[in-house]
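Read through the structure below, which is laid out as structure tokens, and then see the notes.
The chains referred to below are lettered A, B, ... by the order of the sequence lines, with proteins before strands, and numbering in each begins at 1. Because only heavy atoms are used, hydrogens play no part in the values below, and waters and symmetry mates are left out as well, while side chains stay in.
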Amino acid sequence: MNFDFNTLLKGETTDIDISVRGWVRSFRNNQFIALNDGSTNQNLQVVLELNKFDDALLKRITTSACVMASGKLVKSQGKGQTVELVADNIEILGDSDAEKYPLQPKKHSLEFLREIAHLRFRTNTFGSVFRLRNALTYAIHTFFQERNFLNIHSPIISASDAEGAGEMFRVTNLDLDKLPKTETGEIDFSQDFFGRSANLTVSGQLEAELAAMAFSKVYTFGPTFRAENSNTARHLAEFWMIEPEVAFNELSDNADLAEEMLKYVIRYAMEKHADDIDFLDARLAEEEKQKPTAERAEFGLKDKLNFMLEHSFERVTYTEAIDILLQSPAYKKKKFQYDVNWGIDMQSEHERYLVEKHFKKPVIVTDYPKDIKAFYMRQNDDGKTVAAMDILAPGIGEIIGGSQREERLDKLVQRMNEMHIPTDEMFWYLDTRRYGTCKHAGFGLGFERLVQFVTGMGNIRDVIPFPRTPKNCEF
RNA sequence: UCUUCCUUAGCUCAGUUGGUUAGAGCACCUGACUGUUAAUCAGGGGGUCGCUGGUUCAAGUCCAGCAGGGAGAGCCA
């Protein structure tokens, strides 16, 4: 019979003969193995009675060796754990050369662990992070499935280059050393695999809209690719995005859905993995202690998450947000590096001020000037703004971006013309407005930014197993 | 891509005004101890000071270039 350690360590069942397998975290006193199977950060203590095992075997019980231990699970005779396994038999399933193995039972920097991403799963921090990432994945599907949303697999390869969401990765099987050219000297993509130029998707939104026009409520949850040369703690070249799209929803429904979803998945992760949140909370507190007082975060991780669950997100229009900034002490004392006036695309410093200083909780900013937003957003009656919304979270910045979509064909075409988006290539998108159009709205949630928010990890590269960033595609 | 900081043992980091043989903690190895909790104690091995060039009697230390990394910014989710 096999039990995971998370179950065994609850101590509900003892005095049974079992066999367990895991990786050695530490071996103390030639007598106590701290064994871990990844189900929890808690280790199962395996007790080796003295003189029962020969020295050659004991020497092979090294950090990160893979071991099978058989014996009786009993109430622990020492302090520090509820149960322990008194071993009758130890078998080394996989040796680990202690001299060469890079991880030690001590603190390592996250930068160092990033360089050994293939081994960092075996640390407490990344154990907690990836169990929480998994819980959040499950919670997102559960949230939408419970509400009868249909999961849509939007394409990963896309020929559309009209989405305007930034630089794209080209997909081709042309011989790069002998590119076929047209008569005018351009690359002849008619000879490429798809007979036209293709890219990795930057968004599943447009396809999700098509599906919403049949299934009413849909969501995508898949990988997304951006070839931007972004070197920050919150950008990846390959990341996962959740994009719900709902027919008949208006902007306020969209904001309600986003807020409800965020609270649902965060609550689920906190309940399911309270011990991992506790661990990361303590880790973060320790990290904060190293900083000068002025730079320390006001909230601990758990406090931040609880505060967020207990309060409604603040909702302000872009126009109100600009007014708040103009009235702020920071503005009056000229603390902002960038100027504030109606029409600007708010800078990080402005968003941070609203979220971290003024409201101290997530903020939903709506109704942005149309000139700084995408062509598909619904034009408001004022002629100046569109029904867009961004959700800004403390420490992360923009975690969700969404909008009510322009469902009126004439207004959409007019806007596409103004913004030089080719309407002929996008006939399939415009067809939804030709045949049974209706109001609808949706948003995009950056999954890794959500995981950052829940785990308190400062760098997005530490919440995805193998981060892809400019000049970095190891593992 | 821009600004700024960093690069010394496997890891984390000291290294004074440029001056003899570059240090500490942890890890590793040897031994002691044996109900330990990142066990403890004693001893030991381990270095192309990121790379290239320059200044100097003398460079880990000063200068330049390059490479890699961090933080902030832009772009965004």
Practice problem: Specify the separation, in whole Å, of atom CD of A:Q205 and atom P of B:C76. | Solution: 14 Å
Quiz item: Could you give the CD1-to-P distance, from A:I33 to B:U36, as a whole number of Å?
Solution: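 Checked: the CD1 to P distance equals 17 Å.
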Quiz prompt | Any pair counted as salt bridge (Lys or Arg N to Asp or Glu O under 4.0 Å), so long as it reaches residues 80-89 of chain A, sequence neighbours left out | solution = A:K52-A:D88
Self-check item: Qualifying salt bridge (Lys or Arg N to Asp or Glu O under 4.0 Å) pairs, either residue in residues 446-455 of chain A, two or more places apart
Solution: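 The answer is A:R133-A:E448.
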Give me, pair by pair, the N or O atoms of the protein and of nucleotides 48-50 of chain B that are less than 3.5 Å apart, along with how far apart they are.
none

Exercise. Kindly point out which of B:A39, B:A73, B:A77 is positioned nearest to the side chain of A:E398?
Key: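 Selected nucleotide: B:A77.
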Quiz item: Looking across every strand, which nucleic acid part, if any, lies under 4.0 Å from A:S230 by heavy atom: base, sugar-phosphate, or nothing?
Solution: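 Base contact.
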Self-check item: Any residue meeting ring-ring contact (aromatic ring centres under 6.0 Å, His included) with A:Y338, in chain and number order, not counting sequence neighbours
Solution: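 A:Y338 satisfies ring-ring contact (aromatic ring centres under 6.0 Å, His included) with no residue once adjacent residues are dropped.
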Quiz prompt | Qualifying residues under ring-ring contact (aromatic ring centres under 6.0 Å, His included), relative to A:F143, sequence neighbours excluded | solution = A:Y264
Nucleic acid contacts of [range], taken as heavy-atom distances under 4.0 Å to RNA chain B:
range: residues 338-361 of chain A; answer: A:Y338, A:D345, A:Q347, A:S348
range: residues 128-138 of chain A; answer: none
range: residues 468-475 of chain A; answer: none
range: residues 109-119 of chain A; answer: A:S109, A:E111, A:F112, A:R114

Quiz prompt | Given RNA chain B, 5'-ward residue of the pair A:F27 and A:P102, judged by closest heavy atom | solution = A:P102
Quiz item: Is the distance between the ring centroids of A:F447 and A:F221 less than 6.0 Å?
Solution: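 Yes: the rings meet the under 6.0 Å criterion.
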Practice problem: Convert the base pairs of RNA chain B into dot-bracket notation, remembering that pairs crossing earlier ones are written with [ ] and that bases paired across to another strand are shown as |; include only Watson-Crick or G-U pairs under 3.5 Å. | Solution: (((((((..((((.....[...)))).(((((.......))))).....(((((..]....))))))))))))....
Quiz item: Which letter, B, S or -, goes with each nucleotide of nucleotides 27-32 of chain B from 5' to 3', with contact meaning a protein heavy atom under 4.0 Å?
Solution: SS-S--
Pairwise N/O distances under 3.5 Å, protein to nucleotides 33-35 of chain B:
residue : atom : partner : partner atom : Å
B:U34   : O2   : A:N29   : O            : 3.1
B:U34   : O2   : A:N29   : OD1          : 2.3
B:U34   : O2   : A:N29   : ND2          : 3.2
B:G35   : O6   : A:Q77   : OE1          : 3.2
B:G35   : O6   : A:Q77   : NE2          : 3.4
B:G35   : N1   : A:E84   : OE2          : 2.9
B:G35   : N2   : A:G78   : N            : 3.0
B:G35   : N2   : A:E84   : OE1          : 2.6
B:G35   : N2   : A:E84   : OE2          : 3.1

